[in-house]
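Predicted model, so just to flag it, every value in this text is computed and none were measured.
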Amino acid sequence: LQRGDPHWSIKQVVAASHLIASRLEENTAEEGEDVRLEVLFPNSITGAVIGRSGETIKELRTKTNTQILISHEVLFGSTDRSICVSGTASDIKECVRYLAAIL
């Protein structure tokens, strides 16, 4: 990513998400303490995260023991939607792995 370039590749987004999740896990004061990770995803990708009739996101929530909220609309002046993942740092890290596999 070049300075001033607003476009990230999927590979870069996944790598950044893994790094953030790892840092969350390292810096969580107590094991089991809930934290929250909010990331922006292109609107075109969120359908894959939700899945047909919401099946993918339901499965993701169950497998990773996280709460996942996806904004209903794109952010003002953007084509991105917010995805907020809540849970323990290790659960969020696992959720990021699943999200990476979806992408």
Closest non-hydrogen atoms of Ser53 and Lys58, given as atom of the first, atom of the second and distance, are O-NZ, 3.6 Å
Shortest non-hydrogen pair, Thr66 vs Ile92, comes out as CG2-N, 4.1 Å
Side chains of [X] and [Y]: does their closest heavy-atom pair fall under 4.5 Å?
X	Y	value
Val49	Thr56	no
Leu37	Val96	yes
Leu99	Leu60	yes
Glu55	Arg52	no

Value for CD1 (Ile83) from CD1 (Ile50), rounded to nearest 0.5 Å, stands at 7.5 Å
Taken to the nearest 0.5 Å, the spacing of Phe41 CZ from Thr46 OG1 works out to 9.5 Å
Taken in chain and number order and not counting sequence neighbours, the residues that satisfy side-chain hydrogen bond (donor to acceptor under 3.5 Å, both in side chains) with Glu59 are Lys63
Inset, instruction - Applying side-chain hydrogen bond (donor to acceptor under 3.5 Å, both in side chains), run through Arg36 and Ser86 and close with a yes or a no. - result: CA-CA 4 Å; Arg36 181 177 133 178; Ser86 300; 5.3 Å; no
Quiz: residues 67-80 side-chain donor-acceptor pairs under 3.5 angstrom, not counting sequence neighbours:
residue : atom : partner : partner atom : Å
Ser71   : OG   : Glu73   : O            : 3.2
Ser71   : OG   : Ser82   : N            : 3.0
Ser78   : OG   : Asp80   : N            : 2.9

